[in-house]
Number of protein chains: 2
Amino acid sequence: MADTPTPAVTISAIAEEAGVSAPTVSRVLNGRGDVAPATRERIESLLRARGYRRRGSRGGEMVGLLDLVFNDLDSPWAVEIIRGVEDAAHAVGSGIVVSAIHRRASSTRQWLQNVRSRTSDGAVLVTTDLDSSLRAELEDLHMPSVVIDPVGVPDLAVPTIGATNWAGGLSATDYLISLGHRRIAFVAGRPELWCSRARLDGYRAGLETAGLDVDDDLVVPGEFDYESGFRAGEHLFGLAEPPTAVFSASDQMTLGVYEALRRRGLRVPADVSVIGFDDLPEARWASPPLTTVRQPLAEMGRLAVRTVHRLVGGESIESPRVELATELVVRDSTAAVPGAPAR
Amino acid sequence: MADTPTPAVTISAIAEEAGVSAPTVSRVLNGRGDVAPATRERIESLLRARGYRRRGSRGGEMVGLLDLVFNDLDSPWAVEIIRGVEDAAHAVGSGIVVSAIHRRASSTRQWLQNVRSRTSDGAVLVTTDLDSSLRAELEDLHMPSVVIDPVGVPDLAVPTIGATNWAGGLSATDYLISLGHRRIAFVAGRPELWCSRARLDGYRAGLETAGLDVDDDLVVPGEFDYESGFRAGEHLFGLAEPPTAVFSASDQMTLGVYEALRRRGLRVPADVSVIGFDDLPEARWASPPLTTVRQPLAEMGRLAVRTVHRLVGGESIESPRVELATELVVRDSTAAVPGAPAR
DNA sequence: CTGAAAGCGCTTACAG
DNA sequence: CTGAAAGCGCTTACAG
């Protein structure tokens with residue numbers, strides 16, 4: 001996607017290639033109705049193929065705009081990323097255009113049209129699942145772009161930025177073990193995403209390294225959201241032999257676990273220790289404040305901007321994927337395993 | 001700020017007025033060094049006064065970009081507003097450029113420069129305190145703009161959108177009274193902001209209407225953030241005669257109150273009822289889920305976009321300020337006052 | 001439906 | 001330091 005600065009794609013270049021005059025191409029671009037369907041077709045595909053972008057009078061100059069694209073904006077990490085991206089973009093004098101691909105088919109077209117016409121210098125995509133047709137359309141825009149991917153899709157042709165999910169899973173589990181816990185449950189994330197798998201594997205590795213068996217009853221599915229965390233908590237503490245600690249693959253699920261525990265009259269951390277993943281602001285404000293594995297989302301955003309910027313400047317990127325370190329943040333939701341008192 | 005579409009401010013118009021040639025103005029605009037200081041000065045002030053904006057070849061056409069400006073992005077309502085603004089902007093085919101005025105003097109200049117050069121069609125400002133010099137500079141940009149103001153500064157020359165803070169304060173208090181509470185504390189917000197005053201007055205009105213005295217010991221200062229809420233909670237429940245209910249002027253402070261109560265071993269809502277203000281996502285995920293006064297932030301964002309759009313189109317706005325209704329959202333942090341048992 | 005011509009807003013050498 | 005001239009990318013009547 002990071003094509004080297006090719007000889008300016010202008011309207012007249014396209015016109016020549018299509019065997020028409022410049023005004024005709026202009027008409028197509030501006031959606032005027034009076035163009036023969038066949039001609040329009042030919043010109044449109046050429047426009048796409050060559051990655052035509054409006055540039056006004058001043059040549060190939062940068063326009064000082066970066067697109068920041070989310071699948072949708074409800075994700076609780078959205079702001080964290082926006083903050084990092086805004087910060088880094090500001091530092092290089094760029095503005096960021098944030099948008100969400102609202103997943104109605106019709107508006108995707110409209111959205112692409114908008115992106116195309118604002119001709120920003122590059123794009124940062126934040127997305128757990130870009131479907132492949134959309135991906136192709138994005139390529140047609142010929143914008144240098146990088147994907148921030150807190151959840152890990154390591155198979156793109158585009159540079160990707162993630163976090164060390166496996167190591168995060170390991171460190172949380174290690175910590176719980178160091179506190180004396182032996183029955184440690186894991187609430188997993190959306191199973192189709194790589195990061196879920198990596199966090200789970202980190203958890204398993206932690207147990208195995210300590211010589212503990214992985215008890216499949218203590219590994220419960222989740223969807224990353226509050227509700228599934230709540231259900232997981234209900235299930236786990238309905239068990240004949242409940243865990244003494246719960247590690248969940250997202251902070252949101254952990255908040256659901258809190259609520260399940262509260263309803264059963266169990267206390268964090270006196271009765272049960274709990275660890276989350278992400279370190280969203282809500283982790284700090286939970287009661288008790290939540291021990292969690294921090295994902296450096298803002299930093300990932302900053303790196304993404306620096307990376308697109310290098311692509312815009314024609315540099316090539318050495319590694320197609322880089323993962324930033326996660327870090328265990330210990331707060332008040334974890335404690336040594338309760339002595340041995342029957343609960 | 002909403003000037004009617006005047007006869008195109010072009011480089012040559014400015015040149016003529018300044019008594020120089022167009023290339024000279026162009027040089028000033030592009031920050032070339034080779035312009036006499038006096039000339040540059042004259043041209044710059046003319047540029048500002050006329051509200052010059054780069055437009056490329058296609059005339060006064062709209063560019064499909066709206067600036068969305070925050071003081072900074074840590075405010076927990078930022079995303080809510082972004083979501084509403086993005087949604088409405090998307091609907092009219094605009095992109096939104098999100099930025100934060102990082103409050104270092106130097107970068108404000110830089111930021112204004114960026115805003116000027118991207119020539120968006122209008123601006124939505126979200127801000128609790130714009131200092132007046134910045135306000136003046138913003139006016140120089142000659143962009144139609146509206147202020148979203150969850151905290152209420154009703155003295156601007158710009159259309160403002162807020163929420164019914166007083167009514168919200170009243171409804172929360174009423175509800176607590178209806179539950180049988182008589183000792184109801186209020187944790188106030190930043191005292192210099194109008195909204196804080198309005199919420200406090202709503203609380204007072206609620207008590208007075210019910211024939212209850214306002215006990216000044218139960219009105220404690222806060223700053224809207226978690227920490228001040230925590231301190232307020234510590235204070236309130238260190239009192240000889242603590243309240244049976246606490247209403248705070250923000251959800252964040254309420255989460256601080258939760259933590260203060262938890263540390264004292266008091267339960268929500270069995271021992272103490274608690275109400276917040278804002279209805280941020282964290283309210284739903286608190287444990288127990290928080291009863292709170294909802295501020296329709298996304299809706300305020302949508303309305304802001306519709307309003308700038310009308311200004312861009314040259315329409316005039318009937319009311320300089322509109323307040324959207326707040327709404328009490330009852331969840332699990334409130335209950336009838338505990339019978340009479342000594343605690 | 002399409003092109004030749006004129007025009008617009010801006011910028012870039014070039015000369016002084 | 002500044003302007004006259006040429007040029008660039010694009011669009012707008014106008015004619016056919």
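Throughout, protein chains are lettered first and strands after them, A, B, ... in sequence-line order, and every chain is numbered starting at 1. It should be emphasised that the depicted structure is a prediction, and the values quoted were computed from it without experimental measurement.
- Between S145(A) and V308(A) the shortest heavy-atom distance is CA-CG1, 3.9 Å.
- A straight line from CD1 of I14(A) to P of dT11(D) spans 13 Å, rounded to a whole angstrom.
- Judged purely by atom type and a 3.5 angstrom limit, D121(B) uses its side chain to pair as donor or acceptor with the backbone of G64(B).
- Under 4.0 angstrom from either OP1 or OP2 of dC10(C) there lies at least one side-chain N or O belonging to Y52(B).
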Pull out every protein N or O sitting under 3.5 Å from an N or O of nucleotides 2-6 of chain C, one pair per line with the distance.
{"unit_1": "dT2(C)", "atom_1": "OP1", "unit_2": "T39(A)", "atom_2": "OG1", "d": "2.6"}
{"unit_1": "dT2(C)", "atom_1": "OP2", "unit_2": "A36(A)", "atom_2": "N", "d": "2.9"}
{"unit_1": "dT2(C)", "atom_1": "OP2", "unit_2": "T39(A)", "atom_2": "OG1", "d": "3.3"}
{"unit_1": "dG3(C)", "atom_1": "OP2", "unit_2": "S21(A)", "atom_2": "N", "d": "3.0"}
{"unit_1": "dG3(C)", "atom_1": "OP2", "unit_2": "S21(A)", "atom_2": "OG", "d": "3.1"}
{"unit_1": "dG3(C)", "atom_1": "OP2", "unit_2": "T24(A)", "atom_2": "OG1", "d": "2.7"}
{"unit_1": "dG3(C)", "atom_1": "N7", "unit_2": "R27(A)", "atom_2": "NH2", "d": "2.8"}
{"unit_1": "dG3(C)", "atom_1": "O6", "unit_2": "R27(A)", "atom_2": "NH1", "d": "3.2"}

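- The nearest whole Å value for the distance from the CD1 atom in I11(A) to the C1' atom in dG7(D) is 17 Å.
- Comment: E44(A) does not engage R42(A) in a salt bridge, judged by the lack of any side-chain N to carboxylate O separation of less than 4.0 angstrom.
- In this structure, the side chain to side chain contact (heavy atoms under 4.5 Å, CB included) partners of E17(B), at least two apart in sequence or on a different chain, are L46(B), R50(B).
- Under the rule for a salt bridge (Lys or Arg N to Asp or Glu O under 4.0 Å), D278(A) has no partner lying at least two apart in sequence or in another chain.
- Take R83(B) and apply the salt bridge (Lys or Arg N to Asp or Glu O under 4.0 Å) test, not counting sequence neighbours, and it matches D74(A), E80(B).
- Remark: DNA chain C forms stems of 3 or more consecutive Watson-Crick or G-U wobble pairs, all pair distances under 3.5 Å, at C:1-3 with D:14-16, C:5-12 with D:5-12, C:14-16 with D:1-3.
- Under the rule for a side chain to side chain donor-acceptor pair (under 3.5 Å), the partners of E299(A) that lie at least two apart in sequence or sit in another chain are R302(A), R306(A).
- Between the side chain of S12(A) and the backbone N or O of A15(A) there is no donor-acceptor pair closer than 3.5 Å.
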